[in-house]
Amino acid sequence: MKVYSSAALGTLTISAGDLAADPLLQLVCKRASSLQLTVKSPKKATLSLELPSGKTLTQRNAIIRCICGMGLHNALDGTLLGGHMAAVSASPVHAMAIASISSWMSVADHAKKDASLQPLMEQLEAHLETRAFLSPSATCTVADVDVGVLVANKAKELLPSFPNVHRWLTAFLGDNDIALPVEPIANSHSTPIFFYGNEENVVLPQKKAAAPPPKPDAAAEKGGKQQQQQQQQQQNQKGGGKKDKKAGKQQQQQQQKQVASWDISALDIRVGMILKVWPHPEAEKLFCEEIDVGEDAPRQIASGLRPFYKQEDLDGRRVVVLCNLKARNLVGFPSHGMVLCASNADHTAVETMEPPADAKIGERVTFEGIGDGDPEPENKIAKKKVFEAVAPDLKTNAEGVCVWKAAVSVTSAGPIKASKGMAGAQVS
């Protein structure tokens, strides 16, 4: 007799070394039920997740979100996705939250390759000033753990300068499943006091006044003049160092304010058309394209669209291109720019962003109510992590229209949209 089950059964294959080096995957595997997820970790293996449908995922972030979400019937949704995945189709709010989680995990991926996490710390400090966690949630999500592990391992020495980041990280320390090496900062946070509006004769605790220094006797005062002179000389010598520290602190504060002030107008987003497209000879997921963005010569850009589009579907297609990115080699192909696409939370569905049919090739896409000043130069976009700062808020609304913090995209012929109307998606 055959017994059929509707339970979600998946098989995760990952090398033992990769699993040991990935605290987030360890956490997910520990919390997933062994009746739903089989984990194979030989010495050598390629990361993959096989699903009952026969589909196989190979991208780390997509695998994590799938295991926490629909891949295991949302068994881990409440603890690791903020409870948003189960309700993602019921409300754009939940869809936007899932998109935010996906975006922050992508930010962590990019930051892992950076020599310094100073720009990321500044972005986090500004973002967490009014938030408990990175994405809308009452508890930490996989995005918090992913970024938090990175910060704890690579930027621990910077934490005393970023109190909001430190406060956010300490929220993980009570969870025995998450071992983040974060040391407490002395006197970093005082005990919070809550007011409910019905208190009477409230007396706030006052800090104890420092005891006055003892008065020196006459002999000590007379014998200590030379010592005071030596101390004064030492202070004069240290004066330059204090000034340097003060200047450095002021510069850091200015950088934090600058990160918080970036908006979508810093990006040069334009209407384009794919003139030529061909498969990348060495990368199975990449297409190579020549795209007209209104310049003297077409741009060469590589896009990871082969799993989602046929070559003939892209030839002659009107697209939206982020133009002020520095040129870089993608598996040997010189790529200068990025085709903007909408994607769902586990990156199993991708749609190109599409301009209106009457929008002019090369015209810049702006957003309602946001200034249309000159975009930032390519080197500044890379150095100051401008794209990483504004990308989490670049999404599609319930109608599939591209928005940034609810500001609707604008061209001469209307807004840009996901080609098939994908709602509540991250745009990148």
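Computed from heavy atoms alone, side chains included, the values below leave out hydrogens, waters and symmetry copies. Predicted model, so just to flag it, every value in this text is computed and none were measured. One is the number of the first residue; the rest follow in order along the sequence.
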dist C323:SG -> R364:CZ (nearest 0.5 Å) comes out at 10.0 Å
Within the 4.5 Å heavy-atom criterion, are L12 and L47 side-chain neighbours or not?
yes
Name the residue from D268, V386, N379 that meets the side chain to side chain contact (heavy atoms under 4.5 Å, CB included) definition with N324.
D268
Starting at CZ of R306, measure out to SG of C288 and round the result to the nearest 0.5 Å.
8.5 Å
Under 3.5 Å, is there a donor-acceptor pair between the S335 and R328 side chains?
no
Partners of K420 by side-chain hydrogen bond (donor to acceptor under 3.5 Å, both in side chains), sequence neighbours excluded?
none
Using 4.0 Å as the upper bound for N to carboxylate O, is an ion pair formed by D114 and K112?
no
Look at E50 together with K40 and state whether they make a salt bridge at an N to O cut-off of under 4.0 Å.
no
Is a side-chain donor or acceptor of S409 paired with a backbone partner of F367 at a separation under 3.5 angstrom?
no
Between D144 and R131, does any NZ, NE, NH1 or NH2 come within less than 4.0 Å of an OD or OE carboxylate oxygen?
no
Under 3.5 Å: donor-acceptor pair, side chain of D292, backbone of M273
no
Sub-3.5 Å donor-acceptor pair from the side chain of T13 to the main-chain atoms of S48, do we have one?
no
Side-chain H-bond candidate by donor/acceptor type, D109 with S106, under 3.5 Å:
no
Where does the angle between the aromatic ring planes of H347 and F308 fall among parallel (under 30°), tilted (30 to 60°) and perpendicular (over 60°)?
perpendicular
Listed by chain and number, what are the side-chain hydrogen bond (donor to acceptor under 3.5 Å, both in side chains) partners of E378, not counting sequence neighbours?
H336
So does I101 get a backbone contact from the side chain of R65, meaning a donor-acceptor N/O pair under 3.5 Å?
no
Would you check if the side chain of D18 reaches a backbone N or O of I14 as a donor-acceptor pair within less than 3.5 Å?
no
Determine whether more than 12 heavy atoms belonging to other residues, nucleotides or ligands lie under 6.0 Å from atom CD of E157.
yes
If we only count heavy atoms from C-beta on, is the V350 to L305 side-chain gap below 4.5 Å?
yes
So, are K405 and D263 salt-bridged, with charged N and O less than 4.0 Å apart?
no
With a 3.5 Å distance limit and no angle check, can you tell me whether H280 reaches the backbone of V331 through a side-chain donor-acceptor pair?
yes
Tell me whether Y309 contacts the main-chain N or O of T352 through its side chain, where contact means a donor paired with an acceptor under 3.5 Å.
yes
Treating Q426 as the side-chain partner and A342 as the backbone partner, does any N or O pair qualify as donor plus acceptor under 3.5 Å?
no
Only one of H127, E129, E125 clears side-chain hydrogen bond (donor to acceptor under 3.5 Å, both in side chains) with N164; which?
E125
Are the side chain of N397 and the backbone N or O of G400 linked by a donor-acceptor pair below 3.5 Å?
yes
